[in-house]
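Below: one structure, written as structure tokens.
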Amino acid sequence: MSRERGTTMTMTATTDPIALKLDQLFTATDTDRDGYVGWSDYQRIVDRYLSSYKIDRNDRRAQALTIGYQMYWMELLRHADGQERLSKEQFRQANRAASVDTSRFNMVEGLAHAIFDVMDTNGDNAISKTEFKQYLDVWAISDPSAMDAFTELDTDGNGEISRHEFIRAIREFFYSSDLDTPGSLFFGRLSR
């Protein structure tokens with residue numbers, strides 16, 4: 001907090017670009033809209049992926065996705081002191097800590113590869129516009145400009161998102177304070 005001409009100015013978490021992105025992720029993850037994120041929210045997200053991409057639960061991609069989300073959830077709990085469910089602030093802090101602590105699980109890369117494998121329905125190691133549209137459906141992103149993110153994520157302009165482009169964008173989501181990077185667009189464009 002700083003004092004300027006008799007007025008108290010407080011830096012809030014919402015002025016922090018990474019906090020803005022994590023708050024956006026919290027809102028998308030809170031599937032039951034109860035103001036908390038718990039394992040049941042992640043289970044619903046996994047179920048949405050499997051339904052949208054028409055993947056059987058016994059498929060190795062479904063198993064990898066489920067395990068990836070379970071490990072991610074366990075890391076969030078570990079960094080939130082074992083809470084059963086996380087408030088927005090706990091979620092934000094736990095994600096910040098888990099994204100840099102790779103001592104047990106590299107959530108930024110491990111989970112991202114599992115998600116990419118689910119999204120890449122034809123196994124060509126690239127995500128098409130159709131496959132990306134399914135991703136938007138999984139996360140219930142209905143903003144008309146959301147498909148514009150596809151063009152931004154396709155950094156080489158070849159009409160598809162490669163594994164490299166996708167993983168780089170996930171890193172940007174968690175680590176970059178630039179809200180104009182492709183990775184900042186996964187859940188829609190943000191403004192400060």
Side-chain angles (χ1 to χ4, degrees), residues 18 20-33 37 39-73 76 95 98-99 105-176 178-190:
I18 293 175
L20 285 171
K21 292 186 281 186
L22 292 174
D23 288 353
Q24 194 180 40
L25 177 60
F26 176 88
T27 300
T29 304
D30 181 14
T31 59
D32 61 5
R33 303 292 180 243
V37 168
W39 172 247
S40 60
D41 292 302
Y42 285 109
Q43 186 61 61
R44 277 188 284 280
I45 290 167
V46 169
D47 291 345
R48 286 181 190 171
Y49 272 111
L50 301 184
S51 175
S52 182
Y53 290 95
K54 297 175 179 47
I55 298 174
D56 185 85
R57 290 192 179 286
N58 295 318
D59 186 294
R60 68 163 180 74
R61 295 170 297 163
Q63 293 170 354
L65 183 69
T66 301
I67 291 167
Y69 270 112
Q70 287 171 337
M71 292 176 73
Y72 170 43
W73 176 240
L76 293 180
N95 266 284
S99 68
F105 176 65
N106 184 338
M107 71 170 217
V108 173
E109 304 240 350
L111 184 55
H113 282 286
I115 292 170
F116 184 91
D117 289 341
V118 166
M119 292 174 68
D120 180 18
T121 58
N122 60 4
D124 67 350
N125 215 29
I127 298 169
S128 68
K129 281 187 178 182
T130 301
E131 291 165 332
F132 187 74
K133 171 66 173 100
Q134 288 173 274
Y135 162 82
L136 297 175
D137 292 343
V138 165
W139 287 96
I141 299 169
S142 58
D143 181 348
S145 66
M147 275 307 287
D148 295 343
F150 180 88
T151 304
E152 298 287 331
L153 292 166
D154 175 20
T155 57
D156 65 8
N158 69 348
E160 58 190 18
I161 301 168
S162 69
R163 183 178 297 270
H164 174 74
E165 289 168 325
F166 185 77
I167 301 302
R168 182 180 59 227
I170 296 292
R171 284 186 203 120
E172 289 172 352
F173 181 85
F174 284 99
Y175 303 133
S176 176
D178 182 353
L179 292 179
D180 293 324
T181 64
S184 295
L185 305 175
F186 274 108
F187 298 98
R189 193 165 296 280
L190 285 165

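Residues: numbered from 1 along the sequence shown. Keep in mind the model is a prediction, meaning the values are calculated, not measured. Note that these values count all heavy atoms, side chains included, but never hydrogens, waters or copies made by symmetry.
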Distance from Asn106 atom CG to Met71 atom CE, nearest 0.5 Å?
10.0 Å
Keeping the roles fixed (side chain from Gln63, backbone from Asn58), state whether a donor-acceptor pair exists under 3.5 Å.
yes
For Trp139 and Ala28 the tightest heavy-atom approach is CE3-CB, 3.6 Å
Are any of the side-chain heavy atoms of Gln70 and Trp39 separated by less than 4.5 Å?
yes
Without swapping roles, check the side chain of Lys21 against the backbone of Ser176 for a donor-acceptor pair under 3.5 Å.
yes
Can you tell me how far CD of Gln24 sits from OG of Ser184, rounded to the nearest 0.5 angstrom?
9.0 Å
Between Ala64 and Ala114, which heavy-atom pair has the shortest distance, and what is it?
O-CB, 3.9 Å
Non-hydrogen atoms of Ala112 and Ile170 that approach each other most closely
CB-CG1, 3.8 Å
Side chains of Thr155 and Glu165, donor plus acceptor under 3.5 Å:
yes
Measure up the Tyr49 and Tyr69 rings against each other and bin them: parallel (under 30°), tilted (30 to 60°), perpendicular (over 60°).
tilted
Can you name the nearest heavy-atom pair linking Leu153 to Pro182, along with the distance?
CD2-O, 3.4 Å
Met119 CE to Ile161 CD1 distance, which is reported to the nearest 0.5 Å:
6.0 Å
Sub-3.5 Å donor-acceptor pair from the side chain of Glu109 to the main-chain atoms of Ile167, do we have one?
no
Can you find a heavy atom in the side chain of Arg44 that is under 4.5 Å from one in the side chain of Asp32?
yes
Donor on one side chain, acceptor on other, Asn95 and Tyr72, under 3.5 Å
yes
Once rounded to the nearest 0.5 Å, what's the spacing between atom CZ of Arg163 and atom CD1 of Ile127?
8.5 Å
Would you compute the distance between atom CG of Leu65 and atom CZ of Arg57 and round it to the nearest 0.5 angstrom?
10.0 Å
Verify, without hydrogens or angle tests, whether Glu172 (side chain) and Gly183 (backbone) share a donor-acceptor contact under 3.5 angstrom.
yes
Pair Thr27, Arg33: side-chain N/O donor-acceptor within cut-off below 3.5 Å:
no
Looking at Lys129 and Glu160, does any basic side-chain N land under 4.0 Å from a carboxylate oxygen?
no
Taking the inter-plane angle between the rings of Phe186 and Phe173 on a 0 to 90° scale, is it parallel (under 30°), tilted (30 to 60°) or perpendicular (over 60°)?
perpendicular
OG/Ser52 to NZ/Lys133 distance, rounded to the nearest 0.5 angstrom?
8.5 Å
Which atom names give the shortest non-hydrogen contact between Phe150 and Gly159, and what distance separates them?
CZ-O, 3.5 Å
Just by distance, with hydrogens left out, do Asp47 and Gln43 show a side-chain donor and acceptor under 3.5 Å apart?
yes
Thr29 and Asp41 side chains, donor-acceptor separation under 3.5 Å
no
Are any of the side-chain heavy atoms of Arg189 and Asp180 separated by less than 4.5 Å?
yes
Tightest non-hydrogen contact, residues Leu76 and Tyr42, listed as CD1-OH, 3.5 Å
Between Val108 and Tyr175, is the side chain to side chain contact (heavy atoms under 4.5 Å, CB included) condition met? List the steps.
CA-CA 10 Å; Val108 173; Tyr175 303 133; 3.4 Å; yes
Where does the angle between the aromatic ring planes of Tyr135 and Phe187 fall among parallel (under 30°), tilted (30 to 60°) and perpendicular (over 60°)?
tilted
Salt bridge flag under 4.0 Å for residues Asp137 and Arg48:
no
So do Asn122 and Asp120 actually touch side chain to side chain, heavy atoms under 4.5 Å?
yes
Any side-chain heavy-atom pair of Leu179 and Thr181 under 4.5 Å
no
